[in-house]
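Read the structure below first, then the notes.
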Number of protein chains: 2
Amino acid sequence: MQHRLDDIDRKILALLQQDGRMSLADLADKVGLSPSPCLRRVRIMEKAGIISRYVAVLSQQSVGLPVSVFISIKLESQREDALNKFGKAIARWPEVLECYLMTGPRDYLLRVVVADLAAYEQFLKQKLTRLDGIASIESSFALEQVKYTNVLPI
Amino acid sequence: MQHRLDDIDRKILALLQQDGRMSLADLADKVGLSPSPCLRRVRIMEKAGIISRYVAVLSQQSVGLPVSVFISIKLESQREDALNKFGKAIARWPEVLECYLMTGPRDYLLRVVVADLAAYEQFLKQKLTRLDGIASIESSFALEQVKYTNVLPI
DNA sequence: ATTGAAATTCTTTGGAT
DNA sequence: ATCCAAAGAATTTCAAT
């Protein structure tokens, strides 16, 4: 699973993180290879799971889902099965874009994306609060997305 | 800037969010169009900014950056120029993948990605705490990324 | 707005270094 | 491990509906 990345690999990753549809010819050119070894490297990194997937990133605004809500959740029990059960339930809901198990007083941190406050209320009432084992919920709203990138500082 | 999406558009977006490299032939087939009108729709949504970009998503683990830290920051002043200045400084640092201006007692919420605790300490000491105007900082660590997706529930 | 086919460009394979 | 060149796919354009 461990794979030693050299400078060319890192350059390929940096470029593909910025433009996942860059043509192989361009990519090869920019890293100083010809297309076939460049493709070879890309395929190796895909198979190794270094490149997980290629996706289109949409604008939340443009599709009518401008609101990000961060929800901190404390469970009644931190036993592993309780945590796992909760995690699985959460992961099924499409409104939840990110979910982290956290250190500190709160167990989970979620980023939930909705159209407006009414939709958020619906999510809370019809989904989140119907789960068993929640001790407390705390919500904060994002007024502005100042930065949002997938680019890892490799 | 407003663009009315029909069912086919939404289907295209759903598919491209899951696989940004799906071939046009496949995509067209799955939404019940021939390639050219399908491409037309994609191009329109790209130009309208609905599709912001195409990217490769990497595994944090595999590239040696397994740690996500959420940092809540309160500023001394919430004046617009103070907020903007802070936002711009934050956005420049590659360790910061996400940054939100928030409601409530904390002004900013950041997701910072690092290799380990030592790298986090470096980030704090050499970057974040050197900014003027910070009243307080609070960090929580993600033990596990339970869900992380770009797929918006359109 | 969509079709279907032609033209172009890109990806992918394989033999040679 | 990389290069070059040929083969195979895919994207993109355009005249017609």
Side-chain angles (χ1 to χ4, degrees), chain A residues 1-59 61-65 149-154, chain B residues 1-59 61-65 149-154:
Chain A
M1 193 68 208
Q2 283 297 58
H3 181 90
R4 190 98 191 92
L5 299 172
D6 66 15
D7 287 350
I8 295 179
D9 290 329
R10 270 187 288 272
K11 209 162 174 185
I12 290 173
L13 292 176
L15 289 163
L16 286 179
Q17 282 188 104
Q18 281 156 339
D19 179 2
R21 277 194 164 182
M22 178 178 292
S23 88
L24 201 58
D26 272 14
L27 186 62
D29 196 53
K30 281 181 174 144
V31 303
L33 287 176
S34 65
S36 33
C38 185
L39 177 62
R40 202 184 97 81
R41 284 167 178 265
V42 171
R43 290 286 179 262
I44 288 172
M45 293 193 284
E46 286 168 359
K47 294 220 172 91
I50 294 164
I51 299 172
S52 326
R53 56 193 195 281
Y54 299 89
V55 305
V57 180
L58 308 189
S59 150
Q61 301 280 347
S62 304
V63 299
L65 296 166
T149 181
N150 58 297
V151 178
L152 296 173
I154 44 174
Chain B
M1 191 73 207
Q2 284 297 60
H3 181 91
R4 191 99 190 93
L5 299 171
D6 65 17
D7 287 350
I8 295 180
D9 290 329
R10 270 188 288 271
K11 210 163 175 187
I12 290 174
L13 293 176
L15 290 163
L16 287 179
Q17 283 188 106
Q18 280 156 341
D19 179 3
R21 278 193 165 183
M22 177 178 292
S23 86
L24 202 58
D26 272 15
L27 185 63
D29 195 53
K30 281 180 173 144
V31 303
L33 286 177
S34 64
S36 32
C38 187
L39 178 62
R40 201 184 99 80
R41 283 166 180 265
V42 171
R43 291 287 179 261
I44 288 172
M45 293 193 284
E46 286 168 358
K47 295 222 172 90
I50 293 164
I51 299 173
S52 326
R53 56 193 195 281
Y54 299 90
V55 305
V57 180
L58 307 189
S59 151
Q61 302 280 348
S62 304
V63 298
L65 295 166
T149 182
N150 60 296
V151 178
L152 297 172
I154 44 174

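Nothing here was measured: the structure is a model prediction, and the numbers come from that model. Below, read A as the first sequence line, B as the second, and so on, with proteins coming before strands; counting in each chain starts at 1.
- Atom pair B:D6:CG and C:dA1:P shows a separation of 10 Å (rounding to whole Å applied).
- A donor-acceptor pair shorter than 3.5 Å cannot be found between the side chains of A:Y54 and B:Q18.
- Contact between the side-chain N/O atoms of A:R40 and the OP1/OP2 oxygens of C:dT13 is not found at any separation under 4.0 Å.
- At C:dT12, one or more side-chain N or O atoms of A:R43 fall inside 4.0 Å of OP1 or OP2 (strictly under the cut-off).
- The separation between B:L27 atom CG and D:dT12 atom P is 12 Å, rounded to whole Å.
- Whole-Å rounding puts the B:R21 CZ to D:dA9 P distance at 18 Å.
- Within the 4.0 Å cut-off from OP1 or OP2 of D:dT2, at least one side-chain nitrogen or oxygen of A:R41 is found.
- The side chain of A:S36 approaches D:dC4 more closely than any other nucleotide in the set D:dT12, D:dC4, D:dT2.
- Contacts of A:S23 with the nucleic acid, taken as non-hydrogen atoms under 4.0 Å apart, involve only primed sugar atoms and P, OP1 or OP2.
- Checking D:dT2, D:dT12, C:dT13 against every side-chain atom of A:P37, the shortest atom distance belongs to D:dT2.
- In this structure, A:L16 atom CG and C:dT11 atom P are separated by 11 Å, rounded to whole Å.
- Not one N or O on the side chain of A:N150 forms a donor-acceptor pair closer than 3.5 Å with the backbone of B:V55.
- A salt bridge links A:D6 to A:R41: at least one charged side-chain nitrogen sits closer than 4.0 Å to a carboxylate oxygen.
- The structure places CD1 of B:I12 at 11.0 Å from CG of B:D7, a figure rounded to the nearest 0.5 Å.
- Rounding to whole angstrom units, CE of residue B:M45 and P of C:dA1 are separated by 13 Å.
- Using modelled atom types, one side-chain atom of A:R10 and one backbone atom of A:L5 make a donor-acceptor pair closer than 3.5 Å.
- Atom CE of A:M22 and atom P of C:dT9 are 19 Å apart (whole Å).
- C:dA1 atom P lies 12 Å from atom CD1 of B:I8, rounded to whole Å.
- Rounded to an integer number of Å, the gap from A:L24 CG to D:dC4 C1' is 14 Å.
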